[in-house]
Colleague: 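Sending over a structure as structure tokens; questions will come in a sec.
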Protein chains: 2
Amino acid sequence: MNLRDLRYILAIAEHGQFSRAAEACGISQPTLSVQVRKLEEALGVTLFERGAKSVVPTDACDRLLGHVRGAVAEADAILAVARDLRDPLAGRFRLGIIPTLAPYLLPLIFAPLRESLPALEIEPWEDQTLALLERLRTHQLDAALLATEVDGPDLVSEALFEEPFLAALPPDHRLAGRELVDEAELAQDILVLADGHCLRDQALAACGQAGLLGSTLRSASLSTLLNMVAAGYGTTLIPGLAAGAAQDAGLVLRPLSARAGRCIRIVWRAGFPRRAAVEAVGQVIAARLRPFAEGAAAGAV
Amino acid sequence: MNLRDLRYILAIAEHGQFSRAAEACGISQPTLSVQVRKLEEALGVTLFERGAKSVVPTDACDRLLGHVRGAVAEADAILAVARDLRDPLAGRFRLGIIPTLAPYLLPLIFAPLRESLPALEIEPWEDQTLALLERLRTHQLDAALLATEVDGPDLVSEALFEEPFLAALPPDHRLAGRELVDEAELAQDILVLADGHCLRDQALAACGQAGLLGSTLRSASLSTLLNMVAAGYGTTLIPGLAAGAAQDAGLVLRPLSARAGRCIRIVWRAGFPRRAAVEAVGQVIAARLRPFAEGAAAGAV
DNA sequence: CAAGCGCCATAGATGGCATCTATGACGACA
DNA sequence: TGTCGTCATAGATGCCATCTATGGCGCTTG
């Protein structure tokens, strides 16, 4: 049995005639006759009583017609839904973002994404790198914005923009007067986030882990960290996009002498079929961040 | 798109693996790969994300799976219902019967039909010959029991049994003493049914229409006619199976000298596909009536 | 009443396509 | 590092849906 055959049945039932039904189906009349007969033999049921001037559905056919219509309707629904799903730049797009990036990046890119990709329903998901990778691998995310390299056999990534780190100091800190802050000096009283935040590791790496004198804040957000610094408990190193929030908290920001920073990348499964959506999202983000990159470069000169 | 393809989709979604799905479908793995790819291309939608160790349905596939399941379920329903409908000796069987036969034949054949053809739901429909033929031709009946020949290009019939006519007389009628009644004599004060009843024409033909002296009863049943005769308004000619009813009404019955009678036939459309059901019903009726035919033959000797 | 018309069935030819086996590529695991 | 399991690709093959041509049959019409 075949969906095509079922459509033939419906056509005959509708037209009450093989010739017209065949025409409606775009096939020749003999083909229709043969196919219907084969279907009747396959089902073991005579579907139509062929009369001199009429073709009338049998009782059995009437009993079946409901299901036939149902099957054809579902098939048409599949085609219709598939047509709607055909656009890779449409539909749900689950985007993971690390916590040290999300609060500062999302407000920047939400509007541009809506404008450039109106059919794409971005669903942000904020979590730490490892959790995001796990969700990505288990198909619970479509892509993720990370600050680490993760390319491997199953995951692919693309760099979107460079985000320089900044030294964040209390206004009365001894380093607050410097134009540039040396990473090693910062290490003396630096506060860092808890394990699991990639920013913690990167900050420590930038400052030379060995000289760690500051303390680790468990289960705290970058925002909390800023407030701790503002309260005079130490210094820290923040990603560039958090500069606004840091200034709002009353901190003094200074570039780092070694120009440490991180690279924000968009990551997705190697086999993810909606690569077009990933690329599009990545491009929108990169385009939105370009002014910042140029500003940073200009400031550095 | 094809129902087969849809079953493939479901198998892959269920097994999460091409190889096992192919095995479950009874095809080779390359065939499944090729077919799924073709379906994906036809739909314009990637259905599965092929990973190193896993095959995961895409979001689009999830959206479609409901309809896919629906279509396959309807298709299975078609097969299941067709299986039930396969027996031609099962299901509704609309049987037309003429009014001068139905009240006397139906009580005889109902039980044997139920016994011999338990799955056949006989729906009797009582009306005059022309109305029955009309309903038969318009597929509102599956077969009819008539007392006339109707074979033609579109209708076929088969004789079931011979039903002799009997003279029905009031007990005090001048012919009531005879062993045999001559049809011509009966004509002198015969009462007949209204136009449309085949029995009317056959009675008149048997008695010689020219000598009609009796009157016609409009819109009356054979039962009414019997009561009229019992009340002394004349004589009549009844079909053999009505003998019991006539005797109950107090009438005297006598064989006719020319042995006039009628042949009860079962009629159906030449193209009617459940010919087996027609034959079976006919045989049950003929078998049930055989004792009567033999009794009549024996009485005639 | 015979011819023409409309309809469905049949026959034979043809091409597309589903399927197979064999093989390749690739990642996982021991 | 080699072996295993998995999916993809390639080429061969055979079935079958489809076509055109034709026949049969009943109805209509001049």
Side-chain angles (χ1 to χ4, degrees), chain A residues 1-9 11-42 46-58 61 137-139 150-156 269-273, chain B residues 1-9 11-43 46-58 61 137-138 150-156 269-273:
Chain A
M1 192 175 58
N2 199 315
L3 276 170
R4 175 173 32 80
D5 296 336
L6 299 186
R7 292 184 198 277
Y8 293 168
I9 298 300
I12 298 176
E14 182 184 350
H15 291 90
Q17 203 175 295
F18 275 60
S19 335
R20 300 223 182 261
E23 188 180 354
C25 293
I27 58 173
S28 72
Q29 168 266 314
T31 296
L32 187 60
S33 286
V34 170
Q35 288 311 111
V36 170
R37 178 161 304 281
K38 288 173 106 163
L39 179 59
E40 286 177 328
E41 280 165 14
T46 301
L47 295 173
F48 297 98
E49 188 176 327
R50 286 82 158 166
K53 272 293 183 192
S54 66
V55 170
V56 181
T58 60
C61 185
R137 289 200 166 94
T138 55
H139 294 73
V150 294
D151 299 64
D154 56 342
L155 295 180
V156 197
R269 291 185 302 279
F272 185 57
Chain B
M1 192 175 57
N2 198 316
L3 276 170
R4 175 174 31 81
D5 298 335
L6 300 186
R7 292 183 198 277
Y8 292 168
I9 298 299
I12 298 175
E14 182 183 350
H15 292 89
Q17 201 173 297
F18 275 60
S19 336
R20 300 222 182 263
E23 188 180 355
C25 294
I27 58 174
S28 71
Q29 167 266 315
T31 297
L32 187 61
S33 286
V34 171
Q35 287 311 110
V36 170
R37 179 161 305 282
K38 287 172 106 164
L39 179 59
E40 287 177 329
E41 281 165 11
L43 292 179
T46 301
L47 295 173
F48 297 98
E49 187 176 328
R50 286 84 159 164
K53 271 293 183 191
S54 66
V55 171
V56 182
T58 60
C61 185
R137 289 199 166 94
T138 55
V150 293
D151 298 64
D154 57 341
L155 295 181
V156 197
R269 293 185 300 279
F272 184 58

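Below, chains carry the letters A, B, ... as their sequence lines are ordered, and counting in each starts from 1. Please read these numbers as outputs of a predicted model, since none were measured by experiment.
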Colleague: Please report the distance, rounded to the nearest Å, between CD in A:E23 and C1' in D:dC19.
Modeller: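 Those two atoms, CD and C1', are 16 Å apart.
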Colleague: What is the per-nucleotide protein-contact pattern of nucleotides 22-30 of chain C, from the 5' end, where B denotes a base atom under 4.0 Å from a protein heavy atom, S denotes such proximity for sugar-phosphate atoms only, and - denotes neither?
Modeller: B----SS--
Colleague: Table please: side-chain donor-acceptor pairs of residues 21-32 of chain B below 3.5 Å, with sequence neighbours left out.
Modeller:
| residue | atom | partner | partner atom | Å |
| --- | --- | --- | --- | --- |
| B:S28 | OG | B:T31 | N | 3.4 |
| B:S28 | OG | B:T31 | OG1 | 2.9 |
| B:Q29 | NE2 | B:S33 | OG | 3.2 |

Colleague: Let me know the distance between NE2 of A:H15 and C1' of C:dC7, rounded to the nearest Å.
Modeller: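 Those two atoms, NE2 and C1', are 15 Å apart.
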Colleague: Can a side chain N or O of B:R37 be found less than 4.0 Å away from OP1 or OP2 on D:dT9?
Modeller: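 Yes, because at least one side-chain N or O of B:R37 sits under 4.0 Å from OP1 or OP2 of D:dT9.
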Colleague: Run the salt bridge (charged side-chain N to carboxylate O under 4.0 Å, His left out) test against A:R7 and tell me which residues pass, sequence neighbours left out.
Modeller: A:D76
Colleague: I want to check one thing: is the phosphate of C:dC7, taken as OP1 and OP2, less than 4.0 Å away from some side-chain N or O of A:R50?
Modeller: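 False: A:R50 side-chain N/O out of range (4.0 Å or more) of C:dC7 OP1/OP2.
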Colleague: Find the bend of the helix from C:dC1-D:dG30 to C:dA30-D:dT1 as the angle between its two terminal axes (five pairs each), to the nearest 10°.
Modeller: 20°
Colleague: Mind checking what makes salt bridge (charged side-chain N to carboxylate O under 4.0 Å, His left out) contact with B:R50, not counting sequence neighbours?
Modeller: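 So B:R50 forms a salt bridge (charged side-chain N to carboxylate O under 4.0 Å, His left out) with B:E40.
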Colleague: Side chains of A:T58 and A:F48: closer than 4.5 Å at any heavy-atom pair?
Modeller: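 When only atoms from C-beta onward are counted, A:F48 and A:T58 do not touch, as no gap falls below 4.5 Å.
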Colleague: Could you state the CD-C1' distance from A:Q17 to C:dC7, rounded to the nearest angstrom?
Modeller: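 So the two atoms are 7 Å apart, to the nearest Å.
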Colleague: Quickly work out the B:E41 CD to D:dA8 C1' distance and round it to whole Å.
Modeller: 13 Å
Colleague: Grab the N/O contacts between the protein and nucleotides 11-18 of chain D below 3.5 Å, and write none if there aren't any.
Modeller:
| residue | atom | partner | partner atom | Å |
| --- | --- | --- | --- | --- |
| D:dA17 | OP2 | A:Q35 | OE1 | 3.3 |
| D:dA17 | OP2 | A:K38 | NZ | 2.7 |
| D:dA17 | O5' | A:Q35 | NE2 | 3.3 |
| D:dT18 | OP1 | A:Y8 | OH | 2.9 |
| D:dT18 | OP2 | A:Y8 | OH | 3.2 |

Colleague: Measuring only between side-chain heavy atoms, which start at C-beta, is B:R269 closer than 4.5 Å to B:L155?
Modeller: yes
Colleague: Could I get the full list of side-chain contact (heavy atoms from CB on, under 4.5 Å) partners for A:D5, not counting sequence neighbours?
Modeller: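 With neighbours one apart ignored, the set is A:N2, A:Y8, A:Q35, A:L39.
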Colleague: Would you please name every residue forming a side-chain hydrogen bond (donor to acceptor under 3.5 Å, both in side chains) with A:T138, sequence neighbours left out?
Modeller: A:Q140
Colleague: Examine D:dC7: is either OP1 or OP2 under 4.0 Å from a nitrogen or oxygen in the side chain of B:S19? Give yes or no.
Modeller: yes
Colleague: Could you work out, with salt bridge (charged side-chain N to carboxylate O under 4.0 Å, His left out) as the rule, every residue matching B:R37, not counting sequence neighbours?
Modeller: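 Salt bridge (charged side-chain N to carboxylate O under 4.0 Å, His left out) check on B:R37 returns nothing, list empty.
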Colleague: Considering just the side-chain nitrogens and oxygens of A:S33, establish if one lies under 4.0 Å of OP1 or OP2 belonging to C:dA9.
Modeller: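 Yes, within the criterion.
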Colleague: Check the phosphate of D:dG5 against B:R20, side-chain N and O only, distance under 4.0 Å to OP1 or OP2. Yes or no?
Modeller: no
Colleague: Atom CD of B:E40 to atom C1' of D:dC7: distance rounded to whole Å?
Modeller: 12 Å
Colleague: So, using side-chain contact (heavy atoms from CB on, under 4.5 Å) as the criterion, who are the partners of A:V56 when residues are at least two apart?
Modeller: A:S54, B:H139
Colleague: Please name all residues satisfying side-chain hydrogen bond (donor to acceptor under 3.5 Å, both in side chains) with B:R20, sequence neighbours left out, ordered by chain then number.
Modeller: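 Once residues adjacent in sequence are excluded, B:R20 has no partner under the side-chain hydrogen bond (donor to acceptor under 3.5 Å, both in side chains) criterion.
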Colleague: Please report, rounded to the nearest Å, how far the C1' atom of C:dA18 is from the CZ atom of B:R7.
Modeller: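 Distance, rounded to whole Å: 17 Å.
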Colleague: Apply side-chain contact (heavy atoms from CB on, under 4.5 Å) to A:D151 and list each qualifying residue two or more places apart in sequence or on a separate chain.
Modeller: A:E149, A:V156, A:S157, A:R265
